[in-house]
Structure formats: C-alpha cells, structure tokens
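Below: the structure, in structure tokens.
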Amino acid sequence: MKLSVWYKNDGFAVVYGIVLLLVASIAGVSLITISQKDNIASIDQVKMRAAALSAEAALTAVEQQCEKQPEVIVEILNSYINEQNNTSGKGWLLSTADKWTQENKISLDPDVPNTPQYSARILSYDSTSGVLQVEGYGYGGGGGKKKAIGIYQLSGLAQSAPFDRHAFYMIGEAQSFDKPVNISGNVYFAGKVASNGTTPSVINGTFQAMSTTETVLFQSSFTFNGNALFMGPTTLQGVMYFNQKAGFNKTVTLNAGPQQAKEDLYFNNLISGNDVTKVFNLNGNKAHTTTTYPVSAARVTNGTIVKDGAAIDVAAAVSLSPTIKDPFQFDISVIPASYIKTVSGNIDAAKINALSKSSTLWKGYLVIKPAAYAAVQRSSNASTSTLTCNTIWIIEKMMFSNDGWYDCAPNTMTILYFRSTGQLNGLGSGGYFRGYIHATENYNITYAWKAGNNFIGAVHHVSKTGKFQMNSCTGVWNITWSDEVIQQLINDGLVKVPGGGTAAGTGQLTLSDFSLKPKIIGKYF
C-alpha cells in the first residue's frame with residue numbers, strides 16, 4: 001500500500017493520511033474484538049504494528065526528501081563522507097543539514113499525544129557506486145520500536161575533484177602584508193612574506209609559506225587556528241599563537257617571545273637568535289627535532305624535546321603539502337565581446353545598476369571594462385553606494401576607488417579581474433563585499449579596507465610580477481572564504497581549478513540534476 005508523504009513549510013517530512021488511518025483502524029478493530037484478559041497484550045501488538053508502519057513511512061519520507069530537498073540531502077551526505085570515521089550514530093536525515101548529527105523524530109500527528117513517530121539515518125553510502133543504505137526507525141505511540149532498511153541507487157549526483165579553500169593566495173612576493181587581517185579560510189604564500197605591522201592578525205585556517213629560500217618575517221603578532229607550515233627561514237619579531245601543529249623546515253630566529261604553542265611543533269633546523277630568553281612555550285607539548293640540528297633546552301619551556309633522529313618531514317607532520325600549488329585560472333574568453341560595456345569618468349552605483357537593467361547580461365552579470373582613470377564615486381546615499389546587480393570588472397588600466405568601493409546588496413556578486421597593467425588605487429571600504437579578486441600579469445593594487453568591512457569570497461594574486469600594498473588600510477581586513485561564491489564562478493565557466501576540480505573543499509558531492517532520484521534496490525522490514 002502506498003504511503004502519502006508531504007512536506008510542511010518548515011521543510012520537515014510528515015506522513016499523514018493512510019498511515020494514521022491504518023494505525024487507527026488496527027487499534028480500533030483490535031480493541032473491539034479482544035477479551036478483557038488479553039487487553040494489555042493486544043495493545044502492545046497494536047503499538048508494534050504502528051511502529052512497523054512508521055518505520056516504513058520513514059523510508060518513504062527519505063525518498064520524498066531526495067526529490068523535494070536534494071540540496072539538503074547532498075549537504076548531509078558530504079558531512080557524512082567527510083567525517084566518516086566519526087559517524088557512529090550520525091548521518092540523520094529528515095531534518096535540516098546543520099542537524100545531521102541529531103535524530104529528528106517526526107510525529108504522524110504532532111497535535112495528538114503519544115502518536116507514532118519515525119526517523120531515518122544513513123547506514124552507509126558508497127560514493128563510487130552511488131548506493132545509499134538507509135535505516136528507518138518507527139516508534140509506536142506510547143511504546144514499541146521497529147526498523148526498516150532501504151537500499152537505493154541515487155542518480156543526479158556528481159563527484160568533484162578536491163581543491164583547497166585558499167581565502168588568500170599569493171604566488172608572488174607578499175612583502176606589503178603590513179596591516180592586520182582576520183581570515184577565515186586557508187592562506188597560501190609561494191614567495192617572500194613580510195608583515196611589518198604592529199596590530200595582531202588571525203588566520204582561521206591553514207597557513208603555508210612555501211618558499212624554501214626567502215625569509216618569512218613577522219613583526220606583528222599572528223594567531224594560527226589551523227596547522228602552519230614554514231618551508232624557508234623564519235624570523236619572528238612578534239609573538240605567535242600556534243593553536244594547532246606548526247612545522248619549520250629551516251632556521252627559526254626568535255626575536256620575541258615567549259611564542260605560544262597549544263600542540264606539538266616540528267623543527268628541521270636550528271632555533272637561533274642572540275637572546276636565549278626568547279623561547280617557545282610548549283604548554284605541555286613536544287618539540288620534535290633532529291640529531292643534526294637539536295633544539296636547545298634553553299629555547300623551549302613547559303614541554304619536552306623529542307629527537308626524531310634523521311631529517312623531519314615537517315610538511316607531512318602538519319598534514320600539508322610541501323609542493324607549490326597551482327593557482328585558479330580565470331577564463332575571460334568565455335564572455336563574448338558584445339556583452340562587455342565600457343564605462344568612464346566618475347561612476348556611482350546608481351549608474352551601474354541602471355546600466356544592468358538596460359543592457360544584455362552575460363549569465364546574469366553586467367560585464368564592465370573601465371576606461372583609463374575611471375573612478376568609483378561613492379556617497380552616504382545607499383543608492384549611489386550599493387550595487388544591486390552582479391558585476392564583472394575587467395580592469396586593464398588605471399582606476400581609482402579612493403577608499404570607497406561599492407557595497408554589495410545581499411546575494412549579489414562583484415568580480416574584479418586584473419590583467420595587463422590593470423591598476424586600482426584605494427580598493428576597499430567599511431562595508432560588505434561579496435565576490436572574488438583575481439589579479440594576474442602586471443597588476444598593481446592598493447588596498448584600503450576600513451573598520452567594519454566584511455569581505456566574502458576569496459583574493460587570489462597569481463602573478464610574480466604584480467604588486468600590491470596594504471598600508472592604506474585603516475581597519476582589520478576581514479576575509480571569509482565562500483564555497484558558494486567560488487562554486488558559482490566554476491559553474492559559470494569563469495574559474496578553472498587545478499586538477500580539474502569542480503567543487504570546493506575535499507572531494508565533494510554536487511547536484512548534476514534538479515533533484516535526486518532514488519531508485520529502490522531493496523527494502524527489508
């Protein structure tokens with residue numbers, strides 16, 4: 001008998017109709033025909049029958065959720081896959097994606113006490129074959145529990161290749177990294193790095209300084225909330241807070257301290273510096289060192305030194321790759337020339353918004369190429385300061401922002417693509433920016449972010465000959481990596497990622513159709 005399944009506005013699956021009718025009918029018939037002495041046993045039988053029907057309803061609800069809420073199913077599957085070593089009792093369906101670790105019991109009739117309930121969880125998922133095994137639980141009203149297992153072949157999914165979430169990526173020199181940042185995402189530097197500021201910065205992700213020959217110089221304090229890897233010589237003139245593992249491949253010169261470590265540190269060379277009172281405070285952790293380059297006990301406190309003998313693979317120790325990673329590629333050639341609009345002079349947001357309504361858009365983007373010396377004109381008026389449309393800016397010449405780049409309206413995208421000798425002076429504001437900066441060739445960018453800014457997306461400088469500076473920033477630059485922003489650029493064909501990956505993070509499932517189609521392989525009750 002087919003079960004009727006539907007969804008309330010809150011998104012949760014609820015089974016009504018025939019299931020409730022069957023439960024009520026079974027209870028009614030049984031209670032009429034049984035004798036008084038068998039009353040308790042018969043009621044228990046009704047509960048177990050109701051539980052069995054509810055377990056079957058749970059599988060039907062999962063099938064409906066696949067078709068009606070495929071994005072939620074995909075997100076739960078990705079969470080389940082990425083934490084498969086810790087998924088005991090997890091992988092719960094029929095709820096929102098953020099509650100996948102919690103069982104969600106759904107009542108057949110929430111307004112009736114002790115009504116039967118059901119829930120469902122993932123037993124297993126094979127990403128190679130696309131086979132999903134689900135266990136449905138049914139609870140009889142007031143007692144009784146039954147299970148049902150459904151095995152499905154899921155169609156409508158694609159498996160992506162992995163790539164890193166680099167919120168800030170720079171392949172050239174980063175010697176002007178002088179103002180504070182608060183970055184939620186990974187940070188990757190392939191060249192020389194120098195931070196000569198005084199205000200503390202925070203990296204909420206992995207950090208990699210990859211040059212084996214250029215010195216990393218940190219004068220200001222940094223907090224690393226992800227694993228950190230320093231492949232070249234490192235000089236620390238400010239106090240660092242390593243809240244995860246950190247690996248140092250070359251000599252570490254300490255001119256400040258104590259440096260704070262909440263997990264183990266790995267040294268493949270010496271700790272040096274004229275003042276031996278500048279130390280690493282291990283906070284009860286270990287300093288791993290080699291016999292060739294032993295760490296002096298005078299350089300560490302509140303921990304132990306472990307001599308690992310031969311050279312230490314510090315990259316492997318902190319689970320980060322020691323090889324230079326290729327950047328994303330931005331493919332402007334996918335946009336036909338007929339879609340590109342030239343703008344000049346002083347440009348306020350109202351002018352851009354009006355142009356988007358009168359122009360033919362490319363995949364929903366207004367594509368703009370500023371003439372030489374074009375300038376952003378911003379005021380306190382929201383209509384002249386906020387872009388309400390998606391824009392792609394092809395910057396090949398000199399342009400001015402003067403610390404007042406446009407804000408983004410919610411759910412809009414602003415893409416800045418620098419090439420040739422593209423230059424933008426005063427890029428920044430104290431407002432909301434959602435999008436992507438991709439700078440190549442001989443770009444020159446002066447960043448000027450103010451207090452209160454909120455940058456959602458990623459910043460990628462992919463040229464060794466380009467230049468930038470952050471000294472004009474007057475506030476902490478807040479950058480948050482966004483899977484959604486990057487995935488949209490990939491879907492639109494604008495961004496190509498190394499290795500042919502198609503989605504963010506570790507290998508991820510993505511929708512290749514408008515819905516998931518669960519083909520039943522088998523059900524067991």
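These values consider heavy atoms only, across backbone and side chains, with no hydrogens, waters or symmetry-generated copies.
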More than 12 heavy atoms from other groups under 6.0 Å of NZ on K286: no

Taken in chain and number order and not counting sequence neighbours, the residues that satisfy side-chain hydrogen bond (donor to acceptor under 3.5 Å, both in side chains) with T301 are none

Review point. Do R165 side-chain atoms and S482 backbone N/O form a donor-acceptor pair below 3.5 Å?
Key: no

*Does any non-hydrogen side-chain atom of D407 lie less than 4.5 Å from one of S429?*
yes

How are the rings of F468 and Y447 set relative to one another: parallel (under 30°), tilted (30 to 60°) or perpendicular (over 60°)?
perpendicular

Q.
As a quick check of understanding, evaluate side-chain contact (heavy atoms from CB on, under 4.5 Å) for K262 and F242, giving each step before the final call.
A. CA-CA 6 Å; K262 287 191 175 180; F242 299 103; over 6 Å; no

Fill in: I445 and L416, any side-chain heavy atoms less than 4.5 Å apart
no

With a 4.5 Å heavy-atom cut-off, do T101 and W92 have their side chains touching?
no

Taken in chain and number order and not counting sequence neighbours, the residues that satisfy ring pair (Phe, Tyr, Trp, His ring centres under 6.0 Å) with Y432 are none

Residues passing the side-chain contact (heavy atoms from CB on, under 4.5 Å) test with T212, sequence neighbours excluded, are M231, K250

Indicate whether any N or O donor in one side chain lies under 3.5 Å from an N or O acceptor in the other, for T446 and S472.
-> no

| query | side-chain contact (heavy atoms from CB on, under 4.5 Å) between I395 and Y417: does it pass, once the steps are laid out? | reply | CA-CA 6 Å; I395 302 175; Y417 173 57; over 6 Å; no

Would a line drawn from the ring center of W449 to the ring center of F455 be shorter than 6.0 Å? yes

Donor on one side chain, acceptor on other, T251 and N269, under 3.5 Å
yes

query = Is the F168-H166 ring centre distance short of 6.0 angstrom?
reply = no

Check: Is it true that the side chains of W100 and D98 contain a donor and an acceptor less than 3.5 Å apart?
Finding: no

Residue set satisfying ring pair (Phe, Tyr, Trp, His ring centres under 6.0 Å) with F207, at least two apart, ordered chain then number -> F189, F218, F224, F230

The side-chain contact (heavy atoms from CB on, under 4.5 Å) partners of S463 (sequence neighbours excluded) come to T440, Y443, T465

side-chain contact (heavy atoms from CB on, under 4.5 Å) between I368 and I352: does it pass, once the steps are laid out? CA-CA 9 Å; I368 301 167; I352 298 300; 3.8 Å; yes

Judged by atom type as modelled, is there a donor-acceptor pair below 3.5 Å linking the side chain of N78 to the main-chain atoms of E75?
no

_Sidechain-backbone polar pair: N453 side chain, K450 backbone, donor-acceptor under 3.5 Å_ = yes

Item to complete: Could you tell me whether a side-chain N or O of N283 sits under 3.5 Å from a main-chain N or O of A261, the two making a donor and an acceptor?
Response: yes

Test ring-ring contact (aromatic ring centres under 6.0 Å, His included), reference W393, set Y406, F418, F330, output is Y406

In terms of side-chain heavy atoms, does S379 have a donor or acceptor partner in T384 at a distance below 3.5 Å? yes

- Message: Whether the T388 and N353 side chains hold a donor-acceptor pair (N or O, under 3.5 Å, no angle test) is what I'd like checked.
- Response: yes

**Asked** Would you say the side chain of Y293 lies within less than 4.5 Å of the side chain of F267, judging by non-hydrogen atoms?
**Response** no

Fill in: Side chains of Y188 and I171 in contact at under 4.5 Å (non-hydrogen atoms)
no

Donor-acceptor contact present, side-chain S220 to main-chain N196, <3.5 Å: no

Next on the checklist: If only side-chain N and O atoms count, and only distance matters, is there a donor-acceptor pair under 3.5 Å linking N249 with N268?
Outcome noted: yes

For E484, the salt bridge (Lys or Arg N to Asp or Glu O under 4.0 Å) test, sequence neighbours excluded, returns R434

ask   = Should I490 and V497 count as side-chain neighbours, where that means a heavy-atom distance under 4.5 Å?
value = yes

* Is it true that the side chains of S321 and T323 contain a donor and an acceptor less than 3.5 Å apart? -> yes

Heavy-atom count around K467 NZ within 6.0 Å, excluding the residue itself: above 12?
-> no

Margin query: For the residue pair E263 / N243, report whether a side-chain donor-acceptor contact shorter than 3.5 Å exists.
Written below: no

Ignoring hydrogens and angles, state whether a donor on the side chain of T412 or N390 is under 3.5 Å from an acceptor on the partner side chain.
no

Practice problem: Would you sort out whether V367 and I394 count as a side-chain contact (heavy atoms from CB on, under 4.5 Å), showing the intermediate values? | Solution: CA-CA 8 Å; V367 185; I394 305 172; 3.9 Å; yes

